[in-house]
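Starting from 1, each residue takes its place in the sequence as its number.
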Amino acid sequence: MADPVTGTAWQAQELDAIVADYFEMLAADLSGTPYVKARHRAALMARVARSDKSIEFKHQNISAVLEELGAPWIPGYKPARNYQNAIFDAIERYLDGHPAALDAPVIEPTVLPIADDVFVLAPIARDDGPIPRRLQQLVRKFDPVERDHRNRSLGKAGEAFILDLEQRRLHAADRADLARKVRWVADVDGDGAGYDIYSFDPAGNERLLEVKTTNGSARTPFFLSRNECAVAAERPEEWRLYRVHLFAKGPRVFTLAPPLDGAVKLTTEVWRASF
């Protein structure tokens, strides 16, 4: 895609420069280090001879790709999906050379008010048109679902966050008796129960909470095991999925109740082979 100001397509070295600059700002943002976006854009303008607006839009393109990769992106650069295919190549080159760039630090999140700021609505279906083939390849290579699944420290941090949230929620409802009974099943008994946390609603009804955590956005896909799906189907009144997202920046949570196929698209990911 040609630059609207210069009339020429971004070249590989220009894209490499802006991608590296973006990840530098992102690292600062995640670590809480002060930085000024306008200064970064001014420095890039001197290097790549592109307009401020053009550079800002390219930053938004990078945000959109990172959202697809289930990674945090820079606040203020809202994802824009009018891609130039070459941006995928530049991001792939950067990630090949910096494999840890997608791994946001796992930190204890700041305690937020229980209802207003933490719990949000589940995302609704959207149609952004067909996903570019090159982007599909990039997502397969840096699979956000597999990356979150392997990141046990992220998963445990998310479960600990929900455990604390449930206990505080019950205390706020004047049910300290129930808060004392909330149990981190996955930590004490392992992952075989089909849920992670045993809790209650304020009326005393059981809640079986399966926690899925990502540093990405609410739309980042996630794995569900056969056992988790089975327990959800067997105990639909009690089982709930808690999707923790934006964990590195400020956790937000949406919940899903069975039947799950009414809220998400379930796709076969692995097969069990037997004789």
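- D196 places no side-chain N or O within 3.5 Å of a backbone atom of A186 that could act as its donor or acceptor partner.
- Between R134 and E92, at least one side-chain N (NZ, or NE/NH1/NH2) sits under 4.0 Å from a carboxylate O, which counts as a salt bridge.
- When every heavy atom of A64 is checked against every heavy atom of R81, the shortest pair comes out as CB-CG, 3.9 Å.
- In this structure, L44 CG and K58 NZ are separated by 12.5 Å, a value rounded to the nearest 0.5 Å.
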Problem set entry | salt bridge (charged side-chain N to carboxylate O under 4.0 Å, His left out) evaluation trace for E210 with R240 | CA-CA 6 Å; E210 175 60 33; R240 294 292 184 271; over 6 Å; no

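- Y83 and F88 have their aromatic ring centers within a separation under 6.0 angstrom.
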Exercise. When you look at T255 and F119, which way does the side chain to side chain contact (heavy atoms under 4.5 Å, CB included) test go after all the steps?
Worked result: CA-CA 8 Å; T255 66; F119 287 99; 4.1 Å; yes

For this session: Take H59 and M25, measure what side chain to side chain contact (heavy atoms under 4.5 Å, CB included) needs, and give me the verdict at the end.
Result: CA-CA 11 Å; H59 280 139; M25 288 189 290; 3.6 Å; yes

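- Residues F222 and L266 fall within the same hydrophobic cluster, defined by Ile, Leu, Val, Met, Phe, Trp and Tyr side chains chained together at heavy-atom separations under 4.5 Å.
- Taking all atoms of both residues into account, the shortest heavy-atom contact from V182 to S199 is CG2-OG, 3.7 Å.
- Ion pair E68/R219 not flagged as a salt bridge, since none of the NZ, NE, NH1 or NH2 atoms sits closer than 4.0 Å to an Asp/Glu carboxylate oxygen.
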For this session: With salt bridge (charged side-chain N to carboxylate O under 4.0 Å, His left out) as the test, would you mind laying out the steps for K181 and D177 before giving the verdict?
Result: CA-CA 7 Å; K181 296 179 182 179; D177 58 323; 5.7 Å; no

Problem set entry | ring-ring contact (aromatic ring centres under 6.0 Å, His included) between Y22 and H40, worked out | CA-CA 9 Å; Y22 186 103; H40 279 260; over 10 Å; no

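- A salt bridge does not link K141 to D143: none of the charged nitrogens lies less than 4.0 Å from a carboxylate oxygen.
- Salt-bridge check for E159 with K212: failed, with every basic side-chain N at 4.0 Å or more from each acidic carboxylate O.
- A donor-acceptor pair under 3.5 Å is absent between the side-chain atoms of H171 and the main chain of A176, judged by distance alone.
- Using a cut-off of 4.0 Å between Lys/Arg side-chain N and Asp/Glu carboxylate O, R207 and E166 are scored as not salt-bridged.
- One finds the CG atom of L154 at 9.5 Å from the CZ atom of R152 (value rounded to the nearest 0.5 Å).
- When the side chains of ILVMFWY residues are joined at heavy-atom separations under 4.5 Å, either directly or via intervening members, L241 and L246 end up in two distinct hydrophobic clusters.
- The line from CG of N215 to CG of D148 is 7.0 Å long, rounded to the nearest 0.5 Å.
- If you take OG1 on T214 and CG on N151, they are separated by 9.5 Å, rounding to the nearest 0.5 Å.
- Across all non-hydrogen atoms, the minimal contact from N61 to A80 is ND2-O, 2.9 Å.
- Between P75 and K37, the shortest heavy-atom contact is O-CE, 3.0 Å.
- I55 and R41 get closest at one heavy-atom pair: CD1-O, 3.8 Å.
- In terms of heavy atoms, P79 sits closest to W73 at CD-CH2, 3.4 Å.
- Of the possible donor and acceptor atoms, one in the side chain of S31 sits under 3.5 Å from a partner among the backbone N and O of A27.
- Within the 3.5 Å criterion, the main-chain N or O of V253 finds no donor-acceptor partner in the side chain of R243.
- The pair D21-R47 does not meet the salt-bridge criterion, since no charged nitrogen lies less than 4.0 angstrom from a carboxylate oxygen.
- Between E238 and R235 there is a salt bridge, since a side-chain N of the basic residue sits under 4.0 Å from a carboxylate O of the acidic one.
- The local environment of CG in D174 is sparse, with at most 12 non-hydrogen atoms from other residues, nucleotides or ligands closer than 6.0 Å.
- With hydrogens and angles ignored, the 3.5 Å screen pairs no side-chain donor or acceptor of W10 with any backbone N or O of R50.
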For this session: Check step by step if ring-ring contact (aromatic ring centres under 6.0 Å, His included) holds for F23 and Y94.
Result: CA-CA 9 Å; F23 275 99; Y94 184 87; 4.5 Å; yes

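- Interatomic distance, CG of L178 versus CD of Q167, reported as 11.5 Å (0.5 Å rounding).
- In this structure, F223 and H149 have perpendicular ring planes: the angle between them is above 60°, well past the 30° mark.
- Below 30°, between 30° and 60°, or above 60°: for F200 and Y198 the angle between ring planes is above 60°, a perpendicular geometry.
- In this structure, V145 is not a member of the same hydrophobic cluster as F142, with clusters built from ILVMFWY side-chain heavy atoms closer than 4.5 Å.
- Within a 6.0 Å radius of CD in Q136, more than 12 heavy atoms belonging to other residues, nucleotides or ligands are found.
- For the atom pair I62 CD1 and L69 CG, the distance stands at 12.0 Å (nearest 0.5 Å).
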